[in-house]
Structures are given as structure tokens and as C-alpha cells.
Amino acid sequence: MSKGSPISPALMAAKSAGGPKAPERVERPADAAVDIAAAVSAVLGPNNVVPPTAMTGSQAIVRSLEELGVEDIFGLPGGAILPTYDPLMASRMNHILVRHEQGAGHAAQGYAMVTGRVGVCIATSGPGATNLVTAIMDAHMDSVPMVAITGQVASGVIGTDAFQEADIVGITMPITKHSFLVTDPNEIPHVMAEAFHLASTGRPGPVLVDIAKDAQQGQMTFSWPPKIDLPGYHPVLRGHSKQLREAARLIAAASKPVLYVGGGVVKAHASAELRELAELSGAPVVTTLMARGVFPDSHPQHVGMPGMHGTVSAVTALQQSDLLITLGARFDDRVTGVLKSFAPNAKVIHADIDPAEISKNRTADVPIVGSVKEIIPELSEALRVQFAASGTPDLTNWWVFLNNLKETYPLGWTEPDDGLSAPQRVIERIGALTGPEGVYVAGVGQHQMWASQFIKYERPHAWLNSGGAGTMGYAVPAAMGAKVGDPDRVVWAIDGDGCFQMTNQELATCAINKIPIKVAIINNSSLGMVRQWQTLFYEGRYSNTDLNTGHDTVRIPDFVKLADAYGCASFRCERDEDIDATIQKALEINDRPVVIDFVVSPNSMVWPMVPAGVSNDQIQVARNMTPDWEEED
């Protein structure tokens, strides 16, 4: 829904000469501070008191961002947002000029994912705003807190098909938590505060603030902190005690429980709480693609990632379970396979902050609405009480079965028969040589799945990818944003030769702004996942998947030359014996971006795999090879 002043014709306000001075902050007494903080606690930032002061709408936008605690912004100016770029020039905030608005959006996502703070991107009207749509949709699918600020044509010509006009509020309504249209400059402070509150609370997500050009140029009275007024928006945080007790009773009675952990646990920063619950319950833990790292891979209770390309042990644990303890997950089709055959004998405990997700795909026997940050420790306490009353369940047989699966069907790969490197080896070595303190950002496709499988994740916020939307071109700008947000960590963009060509212009942004990300192009000279499906399901008819970037091709483009043109250090690696040395070179360079063209085999495929349209029971560990379940029993 849109919110703001009604659209009505108005004369464009003239820009005041020089503009008023920035208002001074007022120091408040300690006793007053308590009362004020209690009244405005929903407003992000330090809640400085700024007395009413005259300024333009544009100055109010910039000042609001500063008061909200924003430090970094990713954007690209244009006519309809130009009034705001003028006061932005004098701001203490760090604005990073991107080369494409989609890059600004993905960078804001990457920034938010590693910092837990709201990512901010800014663009002009029309095509500038619509170029943000893909990133906004991506943030919506993956619940990433982001505020996108767009300029709009003057309010008097909205609806007339004015130059560079697009109804960005209407376009983004289905893919944001809320979309605001601002035509009155006096609304700017409270709209900005509300946007950040919406983006960062409840189920996180993107919020759009579209501001007419005359609202930016018009005079207004700025004061801070504003009042947040969002009727009906009251996210529930605490779980219902009765539901928690019933959940504990089911866990104590289960013989094959599984903790099914989704990305909501990452967003809630509840890794420590999850570990406590897991060790208390003794249950196996599966972490979805969006939850990788929230529970350490090295922990003996971790049985892997579930889903279409999940481990045999994780997929089977869910299928054979008699109780799914579902935390911040949404029963996505890539996890469940054919929904009616998913975990057929399991009861379901489902905890999520978004009530719309509970029983949406799978009916919950025990629904718990609230933040998993609050629910998980509450459930742990209820479970202690239950165990004291009824005893701790014996899960020995369950663990014998699952550990046998882990040992019998470990992740691995088959060496290519064409003499080229296995992409899995390249990715595994990147993870091994960089270590768990690195940040790994994947594009979409085969390399994304291999990066989720063959890098060991020991901490949350180390793994970033486009899970729900599957956006090609995500990796490079998201890695850029992650490096800005957490500059002391090594940040890898693990990208495909197809994905890389969609947003590699942001290498210029990285080079000029001294953002030394490292890019590993897993170059199999094709749209790899599409080619894999063509191999398996289309009789090897490779229709329009060859990109001509790899071994024995015309190499258009030559990624090494391209990276060099963008001011990056660049290498090509085509032999197994050079993989470690090339990665080490990249790790030693920290004054500019590094791009490595890893030329790998196009014939390598992602396994395990659950083909689309079949039950997870039919998971294949290699082509036409399904585990022998009778042997496992």
C-alpha cells in the first residue's frame, strides 16, 4: 500500500538561495532523556532532539538519514532526485556511486546481510527506479531489511506520463512491506522513520519511499525525533506459553525429531539460542540454503542442508522424521519437493514471526507466532521443565540411522573426463584457504549450490546468496555491499560466467572506492544449471546455453582483460596444480579488487539432486543413482 499526501497539482517550489543552516542538536537532561526515549523507542538511531528548524525537503531527507544512524548509501543520481544529491554532498554519510541502480540495490542487501542494519539505496525516477525493482523483489523474497529512496516527477504532473515518470509505488506494492509516496515535504521525517521501522522490525523486508521533486525542493519545518504512527502494525515477539508447552510435550514424545532451521533464525540473530536448544533436545539440525552457518557445520548434530541439492542425510532426516521443529523456515518448494509427499509421518511445530507463513504450505500442529530470538529460549525453558517431568527421550536409534547416512553418502564429486578442473575443487579450496571468518557471496546457479555445499560455514552472516528470487547478477554488487559493511573480513564473490556479465560494471565502483572484494568466476563457458537440466531432461539439446568464455572458445569477453580494464588485479587459472597458489595471490592483495577466471569443466553437475516434480524420497546421488533405503534399514 502507498501512504503519503494525496496526489494533487502543485506548483514546483523554488529552491531557496543557499538554504537554511543545519539545525543544532539539543542536549537533554538525563531524566528527560528517559521519558523521550520511551516515547520514541520505535525510531532508529540515537534519538537526538532537534528543535523545529526550517529547511528544504531534500535537506530533511539527508538529515533524517543521518539521525536514523545511516552511515553508507549506494546510489546513482538523476533529475528527479537531484535536489537531494545537493545536500548529500555535505553530509557525513558515505555515498557510493554505483554504475547501475540494480547494483545499488544488491549492495544495500549485502550490507544489510552482514551488518544486520538497514541497507539504503537511492535512485531517480522512471528507469532509475525500475532498475531497482529486481533488487527490491530479491530483498522481499529473502526478508532483507532495506529502504529504497526514489525521486519522482513533480506532484503536479504525476499521472500525465511526464518525462521519466513511472508509478514505482504501484509497481513495488506487491514486493515491499510498504511503499510510500511523499508529495508534502513536511511528511518526510516521519515517513523516513516509519520506513526504517517497518524494514527492520517484524519480518524484515524492503520499503520504498518515493518522493516528488517539488516535495524535495519545497520548504518544511524539520524536527526530530518524529512520531511513528502505523496503525495495525504490531509484530508479535513473544510466543504463547500454552503453545510452547505443547511444543515441548511433542518434542519429549518424539523418537525422530528434526530441527528444520530457516533464514529467519539468521535474521533474528538467534544462532546462540539455536545451539542451546539443539544441544538440549539432542535432535539433528538441518539448515536451509538461507540458514547456512547459523548452526556450525562442524557440530556433530548438524546433518546438512536440505532441498533439491541438499545432502542425503538432511533430505532423508526430514522425510523420515516424526516431528519437524520448524524455526524461521517457510516450507519452500525447493525444500519440500512434492509437498504432499514431504515428511509424511511428521507432526509440525512451526515458529515464525510472520503469521502468514504458518500453515501456508504445510499445516502446523503447533503454530507459534513470534520472533525466534524470543521463542527459542522460551522453548528451551519449557523443554527443561518437560524433560524434568517426563524424562529425556532416547534418540540413539535415530542417530545410528542418520550417522550411517552421513558416512555412506558424503558430499563429493566426480573428476571431469575432459582434463579441466572440477569447479567443486576450486570452491572447496577457496573456503579452506580463506577460512570460516571470510564472507562468501554467491551468484545463482551451479556455483551457488557448490558454494553452499563445499565451503564449511561455522558462523552466521558468512554466507550470502539470492535464495528466493534466484537473481543472476547478485554476487558482485552484494559482495561490494558486504565489504563496505564489514571491511575487516575477506569477502569473496563466487560467481558464474553468466551471472558475472550481468553486473560486473560494479568492479569500477569497487576499484574507484577502494573496496577490495575478491571475485572467483567459475567459468564453465555456459549457463551451467540450465545446461545441467538440458543434459538430464532435454536429451543433451543445448539450446542457447553456450557463452563462449571458456577453454577452447573465442573468450568473449576475456575476463582477465576485462578485469584489468576495470583497475582490478586479474588472474586466469586453468590447472589443478595452480589453484591454491592463485587463491593465495588473491588473498595477499588488499589494495584493489581481484578477479580470477577459473576455467573449469562444463560437464560437472550438482549432486545430490531431487528432480523437479518428484518426491524427496527419490533423491539421486548421481545420475540415475538413488540410495538403497532397504539397505539403510
Side-chain angles (χ1 to χ4, degrees), residues 4-5 10 12-23 45 50 53-98 101 104-105 107-108 118-132 146-158 162-166 168-169 179-196 199 207-222 224 226:
S5 59
M12 183 180 297
K15 183 177 180 181
S16 59
K21 293 190 296 183
V50 180
T53 309
M55 62 174 66
T56 65
S58 292
Q59 289 172 319
I61 295 168
V62 174
R63 188 60 187 268
S64 296
L65 291 170
E66 290 176 339
E67 294 299 337
L68 286 161
V70 173
E71 296 177 356
D72 301 285
I73 304 173
F74 305 89
L76 197 154
I81 196 66
L82 202 56
T84 297
Y85 267 82
D86 187 56
L88 183 60
M89 190 174 185
S91 171
R92 62 177 178 269
M93 294 182 293
N94 174 37
H95 177 274
I96 295 168
L97 175 63
V98 298
E101 291 90 351
V118 177
V120 182
C121 54
I122 186 167
T124 193
S125 64
T130 59
N131 279 345
L132 282 177
M146 183 173 87
V147 169
I149 302 166
T150 53
Q152 183 55 274
V153 299
S155 59
V157 295
I158 290 176
F163 177 67
Q164 289 195 334
E165 179 189 358
I168 195 63
V169 168
S179 293
F180 294 88
L181 174 62
V182 180
T183 58
D184 178 354
N186 288 292
E187 291 191 341
I188 288 170
H190 81 81
V191 166
M192 294 296 291
E194 289 171 359
F196 276 72
V207 177
L208 175 87
V209 181
D210 191 37
I211 308 174
K213 189 170 185 178
D214 53 325
Q216 297 173 54
Q217 294 175 314
Q219 290 291 315
M220 56 86 68
T221 300
F222 181 91
W224 198 269

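All values below come from the heavy atoms of this structure, side chains included, with hydrogens, waters and symmetry mates left out. No experiment lies behind these values; they were computed from the predicted model shown. Residues: numbered from 1 along the sequence shown.
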Notebook entry, point to check: How many angstroms lie between CZ in F196 and CD in E67, if you round to the nearest 0.5 Å?
Noted result: 12.0 Å
Notebook entry, point to check: Does a side-chain heavy-atom distance below 4.5 Å link M93 with E71?
Noted result: no
Next item on the list: Give, for atom CG of L181 and atom OG1 of T150, the distance between the pair rounded to the nearest 0.5 Å.
Entry: 8.5 Å
Next item on the list: Taking the side chain as every heavy atom from C-beta outward, state whether L76 and L97 have any pair of such atoms under 4.5 Å apart.
Entry: yes
Next item on the list: Would you list the pairs meeting ring pair (Phe, Tyr, Trp, His ring centres under 6.0 Å) in which at least one residue belongs to residues 58-94, sequence neighbours left out?
Entry: Y85-H95
Checklist line | Min side-chain heavy-atom separation R63-T53 under 4.5 Å | finding: no
Note to self: So which atom in Q164 and which in S125 form the shortest heavy-atom distance, rounded to 0.1 Å?
What the structure shows: O-OG, 2.7 Å
Margin query: Do I188 and F180 have side chains that approach each other closer than 4.5 Å (heavy atoms only, starting at C-beta)?
Written below: no
Checklist line | Chi angles and distances behind the side-chain contact (heavy atoms from CB on, under 4.5 Å) call for L68, V118 | finding: CA-CA 10 Å; L68 286 161; V118 177; over 6 Å; no
Note to self: Testing the basics here: between G151 and D210, what is the closest heavy-atom pair and its distance to 0.1 Å?
What the structure shows: O-OD1, 3.4 Å
Check: What is the distance from atom OG1 of T56 to atom CD of Q219, rounded to the nearest 0.5 Å?
Finding: 6.5 Å
Notebook entry, point to check: Does A215 have any side chain to side chain contact (heavy atoms under 4.5 Å, CB included) partners at least two apart in sequence or in another chain, and if so, which?
Noted result: P185, I211, A212
Check: Do F222 and Q59 come close enough that some side-chain heavy atom pair is under 4.5 Å?
Finding: no
Check: Atom OG1 of T221 and atom CE of M55: how far apart are they, to the nearest 0.5 Å?
Finding: 9.5 Å
Next item on the list: Determine whether I158 and V153 make a side-chain contact, defined as any pair of heavy atoms from C-beta on separated by less than 4.5 Å.
Entry: yes
Margin query: Determine whether a donor-acceptor pair (N or O, by modelled atom type, separation under 3.5 Å) exists between the side chain of S91 and the backbone of L88.
Written below: no
Next item on the list: Report yes if the side chains of W224 and S64 come closer than 4.5 Å at any heavy-atom pair, otherwise no.
Entry: yes
Check: What pair of heavy atoms forms the shortest contact from E165 to V157, and how long is it?
Finding: OE1-O, 3.5 Å
Note to self: Which heavy atom of P226 sits nearest to which heavy atom of P189, and what is that distance?
What the structure shows: CG-O, 3.6 Å
Checklist line | Test side chain to side chain contact (heavy atoms under 4.5 Å, CB included) applied to T124 - qualifying residues, sequence neighbours left out | finding: A80, I81
Check: Distance from I96 atom CD1 to I73 atom CD1, nearest 0.5 Å?
Finding: 9.5 Å
Margin query: For a quick test of reading the model, state the closest non-hydrogen atom pair linking A129 to A123 and the distance between them.
Written below: N-CB, 4.4 Å
Next item on the list: Measure the CD-OG distance between Q217 and S58 for me, rounded to the nearest 0.5 Å.
Entry: 7.0 Å
Item checked: Nearest atoms (heavy-atom pairs only) where A199 meets V207 -> N-CG2, 3.7 Å
Checklist line | Heavy-atom side-chain contact between V147 and V70 under 4.5 Å | finding: no
